[in-house]
> 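This is the structure I have questions about; it appears just below.
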Amino acid sequence: MSSLLHSLLAALFCAAFLQGSLYAQAQLTPDFYSQCCPNVTNIISDILVDAFTSDIRIGASFIRLHFHDCFVNGCDGSLLLDNSATIVSEKEAPPNNNSVRGFDVVDRMKAALESVCPGVVSCADILTIASERSVFLSGGPEWEVPLGRRDSLLSGGLDIVMPAFFDPLDELKRKFVLVGLNNNTDIVALSGAHTFGRAQCFTFIDRLYNFNGTGESDPTLDATFARTLRRLCPIPTDGNTTVFTILTNLDQNTTDAFDNRYFTNLQSNRGLLQSDQELFSTPGADTIEIVNNFASNQTAFFESFVVSMIRMGNLRPLTGNEGEIRLNCRVVNAPPPATITKSSSNEVNFVSSI
């Protein structure tokens, strides 16, 4: 039996299998691919490990991709779609433009999976698995990832709503509740992903020079830390705006490690983004106690982070016969070609192949 025929038969078996009980029940489960693509996690992990060797930021970038995907119409891989005649890509929406990254690594993961499990693993699940592996490879917890998502046929376009780096706590809470997350533990635990990665100067420069139009720095920002940041992000001169894209570590201490230093930074008024420091510096906020707990107990943070990541990954997934399994994460699949059949009355009918 040729390898091509073997792959075709395997794909047909898996298609039939996946249309069975799991899809019918429309539920996510960690063993979703155990029969049809049992090495899915290892394949994704191997490519991720290789990517880490040349790009230490890639782990934080995958968390960001997953977060930005799930917050717009659920975890459906819509963020990965490029512009086309029918798609206005979310990649160019203000919260994402020149910010989200890692799409080339997603392409590598998808190509590797298509070579061994064609038409089986969704792009939405690739983001979910890669996020969990990114956390673990950076020193954080690991967990069983519920799987079985399918990919959207549509994009959220340019008009999307995301938590913003300048949002006060009340607005952050509103946006989390709007998508189905809670406004205390989820918001603090998921914000803890800022324990690694980078931010561009434009996301916090107003805190340094003109907070809320005062002409002063943010009073919740440690003065010594503010001076350090001013050296990294000077006021643009002569119309030179490249300073806005200079990258700064979100955590100045354990830069690329997934740990609980993010929360001790907040206690010292050294949160880089306003949206981060709001969790600790908003008077009377219920998030303060959670920050203090996570700062003193890394295990508590890890446990809550896992719960919140699973909860986020369960936001409005497409399952069953909804959406599709994209063959290329950047584009929706081409419609099946039409075939010609003859009815009993010899009338020619055009039907879509299945």
Side-chain angles (χ1 to χ4, degrees), residues 57 59-60 63-64 67 135 138-141 163-177 181-201 203-209 211-212 214 216-233 247-309 311-312:
R57 298 169 55 201
I63 292 287
R64 183 172 173 81
F67 184 90
V135 170
S138 301
F165 54 84
F166 51 77
D167 279 344
L169 183 57
D170 284 349
E171 181 64 6
L172 292 171
K173 285 173 171 279
R174 185 188 72 82
K175 289 177 178 177
F176 268 69
V177 171
L181 297 172
N182 68 50
N183 64 6
N184 39 62
T185 305
D186 283 342
I187 194 172
V188 178
L190 292 174
S191 294
H194 284 173
T195 191
F196 65 169
R198 314 286 188 270
Q200 298 179 64
C201 284
T203 61
F204 58 87
I205 201 164
D206 283 351
R207 299 187 72 203
L208 307 180
Y209 301 105
F211 183 65
N212 289 344
T214 63
E216 304 290 339
S217 62
D218 184 346
T220 68
L221 185 62
D222 174 77
T224 301
F225 188 39
R227 285 193 294 271
T228 299
L229 294 175
R230 289 191 195 101
R231 288 194 295 270
L232 293 170
C233 303
L247 292 171
T248 302
N249 297 324
L250 284 162
D251 178 359
Q252 304 290 313
N253 299 300
T254 53
T255 302
D256 298 308
F258 194 95
D259 55 24
N260 68 334
R261 289 298 296 268
Y262 167 85
F263 300 103
T264 60
N265 289 338
L266 299 186
Q267 290 177 321
S268 302
N269 290 335
R270 296 173 68 88
L272 185 64
L273 306 180
Q274 178 185 345
S275 56
D276 291 329
Q277 196 60 50
E278 290 277 338
L279 302 177
F280 185 75
S281 296
T282 301
D286 59 354
T287 53
I288 297 173
E289 181 179 354
I290 304 171
V291 169
N292 287 335
N293 181 35
F294 291 169
S296 63
N297 188 339
Q298 181 167 276
T299 299
F301 164 48
F302 282 4
E303 290 174 349
S304 292
F305 183 79
V306 168
V307 171
S308 293
M309 282 292 287
R311 185 178 290 129
M312 184 181 75

> Among residues two or more places apart or on two chains, list those pairs meeting salt bridge (Lys or Arg N to Asp or Glu O under 4.0 Å) that have a residue in residues 184-194.
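Output for this query lists D186-R311.
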> F301: which residues meet the ring pair (Phe, Tyr, Trp, His ring centres under 6.0 Å) condition with it, sequence neighbours left out?
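With neighbours one apart ignored, the set is F258, F263, F294, F305.
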> Short question: side chain of T282, backbone of L279 - any donor-acceptor pair under 3.5 Å?
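Here the side-chain-to-backbone pair does not exist.
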> Under the salt bridge (Lys or Arg N to Asp or Glu O under 4.0 Å) definition, can you give me all pairs with a residue in residues 216-226, not counting sequence neighbours?
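Listed by first then second residue: R207-D218, D222-R270.
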> For Q277, run the side chain to side chain donor-acceptor pair (under 3.5 Å) check against N265, N269, T220 and tell me which one passes.
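Going through the options one by one, the only one that passes is N269.
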> With side chains defined as the heavy atoms from C-beta onward, is the minimum distance between L272 and L229 less than 4.5 Å?
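Yes, their side chains come closer than 4.5 Å.
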> Main chain of N260, side chain of Q298: is a donor-acceptor contact present, judged purely on distance under 3.5 Å?
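Side chain of Q298 to backbone of N260, a donor-acceptor pair under 3.5 Å: yes, one is there.
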> For the SG atom of C233 and the CG atom of L247, what is their distance to the nearest 0.5 Å?
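Reported value, rounded in 0.5 Å steps: 9.5 Å.
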> Working to the nearest 0.5 angstrom, can you tell me the gap between F165 CZ and Q274 CD?
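Reported to 0.5 Å precision, the distance equals 9.5 Å.
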> Tell me if a side-chain donor or acceptor on N249 pairs with a main-chain N or O of Q252 at a distance below 3.5 Å.
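Absent.
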> Quick one: ring pair (Phe, Tyr, Trp, His ring centres under 6.0 Å) partners of F225, sequence neighbours excluded?
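Once residues adjacent in sequence are excluded, F225 has no partner under the ring pair (Phe, Tyr, Trp, His ring centres under 6.0 Å) criterion.
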> Does some side-chain heavy atom of V306 sit less than 4.5 Å from a side-chain heavy atom of V135?
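SC-SC contact between V135 and V306 ruled out.
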> Which pairs count as salt bridge (Lys or Arg N to Asp or Glu O under 4.0 Å) when at least one residue sits in residues 251-261, sequence neighbours excluded?
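The answer is R198-D256.
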> Report the distance from atom CG of L208 to atom CG of L232, rounding to the nearest 0.5 Å.
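Between L208 CG and L232 CG, I get 9.5 Å after rounding to 0.5 Å.
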> State whether the side chain of T203 and the backbone N or O of A199 hold a donor-acceptor pair below 3.5 Å, judged by distance alone.
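No: the side chain of T203 does not pair with the backbone of A199.
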> Does a side-chain heavy-atom distance below 4.5 Å link I290 with N184?
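Side chain of I290 against side chain of N184, heavy atoms only: contact under 4.5 Å found.
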> Looking at side-chain heavy atoms only, is the closest gap between F211 and S217 below 4.5 Å?
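Contact flag for F211/S217 side chains = no.
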> Can you pull the salt bridge (Lys or Arg N to Asp or Glu O under 4.0 Å) pairs that have at least one residue in residues 281-293, sequence neighbours excluded?
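Salt bridge (Lys or Arg N to Asp or Glu O under 4.0 Å) check on residues 281-293 returns K173-D286.
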